[in-house]
Amino acid sequence: MVIATPLVAIFGLRNDFLVFIAGIALIHMLWASGLNLLYGFTGLIPLTYAGIAGISAYMTVHLVMRLGLSFWLALPIGSAAAALVGLLLSLPAIRLRGFYFALSGMVIQSAFTIAFVYFPAYTNGDTGIASVPRPTGFDGGAISSPYMECVLALFVIAAVAGIGLTMRSRFGRTLITIREDEDLARALGINVTLNRTAAFIISSFIAGLGGGLYAHYIGFASPRAFDVLISLNLWLMVAMGGRGTLVGPLLGALLLAPLPYLLVQYTWVKDVIYGVAIVLVTLFLPQGIYGFVLKRKART
């Protein structure tokens with residue numbers, strides 16, 4: 001973790017709060033990249049995303065705090081379970097298109113939130129689970145900042161690299177074909193449902209990774225951290241940054257994820273910013289900020 005020292009020196013992240021904000025942004029970058037695989041490259045709007053992340057968060061927390069498993073063993077188990085549950089609940093919706101897929105996802109996400117609140121024996125309800133321990137390092141001690149932020153950065157790099165390689169493969173090109181013209185893809189003999197299902201599994205696993213990391217990074221797991229508003233915020237990050245690109249979701253998360261923490265005393269300002277961002281993206285920047293930049297470069 002020796003890279004942490006120059007990282008801190010370069011970006012001036014000597015304040016603990018700013019380092020924490022950087023960690024939050026990195027987790028949202030991970031989430032946004034995973035969501036982009038479905039929304040940006042496959043053409044689906046998965047509003048179940050936060051709920052899937054929440055499943056992994058709660059499972060990882062329980063495996064660590066109640067069963068005494070190592071975080072690094074609990075995280076892939078929780079992520080795999082989240083991907084499986086998300087897939088089973090969303091499998092009927094994968095056959096739907098556009099608005100109907102998004103609407104079914106919102107209903108499923110609401111069911112997730114209700115389950116998180118009304119099963120207090122497992123989630124501790126709205127009170128949440130506090131004192132969640134940080135992941136441990138090779139020496140058995142909790143990983144402190146800024147080393148933990150470097151670990152989060154490695155997860156983001158691995159996810160983006162994996163998605164980039166996936167989109168260069170035949171499978172990735174198939175997903176783009178489905179996004180551009182589903183009827184044509186079916187006419188070409190492409191199994192649309194199977195390919196969407198595979199994309200959903202990969203995306204859900206990334207959501208699970210982010211969920212487990214989030215709970216153990218902030219030390220708290222609450223239903224409100226994984227409700228439909230979080231799913232909508234993640235969608236906005238991808239849309240605002242530039243869906244269907246590798247850089248766009250990272251940019252959107254970097255711009256929007258810190259706002260709730262930087263404007264904690266002015267929540268109405270945050271809400272206004274999110275509202276304005278939705279209008280701007282919908283009306284003027286449907287391709288997102290990074291997509292707009294690429295379009296301008298292509299013209300010159």
Side-chain angles (χ1 to χ4, degrees), residues 1-34 50 52-83 116 121-124 127-162 205-226 230 250 253-254 257-258 260-262 264:
M1 295 302 178
V2 293
I3 61 173
T5 301
L7 183 68
V8 173
I10 292 172
F11 292 99
L13 299 179
R14 296 186 181 278
N15 184 284
D16 290 343
F17 179 69
L18 293 180
V19 174
F20 173 76
I21 294 299
I24 291 295
L26 287 167
I27 293 173
H28 282 78
M29 287 179 185
L30 179 63
W31 273 332
S33 296
I52 293 172
I55 290 173
S56 175
Y58 281 113
M59 177 166 285
T60 303
V61 166
H62 278 276
L63 289 174
V64 172
M65 297 183 70
R66 292 190 176 182
L67 299 183
L69 265 67
S70 165
F71 169 81
W72 301 111
L73 178 60
L75 181 62
I77 294 174
S79 300
F116 292 156
Y122 185 70
T123 66
N124 205 27
T127 304
I129 302 175
S131 302
V132 178
R134 278 281 183 99
T136 56
F138 295 111
D139 59 355
I143 303 176
S144 60
S145 296
Y147 302 106
M148 186 61 205
E149 287 70 27
C150 292
V151 172
L152 296 177
L154 291 177
F155 271 93
V156 174
I157 293 171
V160 173
F205 187 82
I206 295 174
L209 289 175
L213 288 167
Y214 178 84
H216 285 266
Y217 180 70
I218 68 170
F220 186 67
S222 166
R224 302 307 171 190
F226 307 104
I230 303 302
L250 304 180
L254 181 63
Y261 299 88
L262 296 176
V264 65

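- At least one side-chain heavy atom of Leu250 sits less than 4.5 Å from a side-chain heavy atom of Ser33.
- The shortest distance between side-chain heavy atoms of Phe155 and Ile27 does not fall below 4.5 Å.
- One finds the SG atom of Cys150 at 9.0 Å from the CG atom of Leu26 (value rounded to the nearest 0.5 Å).
- Ser144 places none of its side-chain heavy atoms less than 4.5 Å from the side chain of Glu149.
- Nearest heavy atoms, Leu30 versus Ile206: O-CG2, 3.4 Å.
- Put simply, CE on Met29 and CD1 on Ile157 are 10.5 Å apart, with the number rounded to the nearest 0.5 Å.
- Taking CD1 of Ile52 as the start and OG of Ser79 as the end, the distance is 11.5 Å to the nearest 0.5 Å.
- Between Phe226 and Trp31, the angle of the ring planes goes over 60°, which puts this pair in the perpendicular group of the 30/60° scheme.
- Taking every heavy atom of both residues into account, Ile230 and Ala225 meet most closely at CG1-O, 3.4 Å.
- To the nearest 0.5 angstrom, Ile21 atom CD1 is 5.0 Å from Leu262 atom CG.
- Taking every heavy atom of both residues into account, Phe220 and Ser222 meet most closely at CE2-CB, 3.3 Å.
- The closest side-chain heavy-atom distance from Pro135 to Trp72 is below 4.5 Å.
- Taken from CG in Leu69 to CZ in Phe71, the straight-line distance is 12.0 Å, to the nearest 0.5 Å.
- His28 places none of its side-chain heavy atoms less than 4.5 Å from the side chain of Leu254.
- Aromatic ring orientation, Tyr58 versus Phe116: tilted (interplanar angle from 30° to 60°).
- Side chain of Thr60 to backbone of Gly212: no donor-acceptor contact under 3.5 angstrom is found.
- The CG atom of Leu73 lies 10.5 Å from the CG atom of Leu67; values are rounded to the nearest 0.5 Å.
- The minimum heavy-atom distance linking Ile218 with Ile24 is given by the pair CG2-CD1, 3.7 Å.
- Pro133 and His216 get closest at one heavy-atom pair: O-ND1, 2.8 Å.
- Side-chain atoms of Ile143 and Thr136, non-hydrogen and from C-beta on, never get closer than 4.5 Å to each other.
- Crowding of Phe17 atom CZ: a count of heavy atoms from other residues, nucleotides or ligands under 6.0 Å exceeding 12.
- Residues Ala257 and Pro260 share a closest heavy-atom pair of O-CD, 3.2 Å.
- Side-chain contact between Phe20 and Met148: absent, with no pair of heavy atoms (C-beta onward) separated by less than 4.5 Å.
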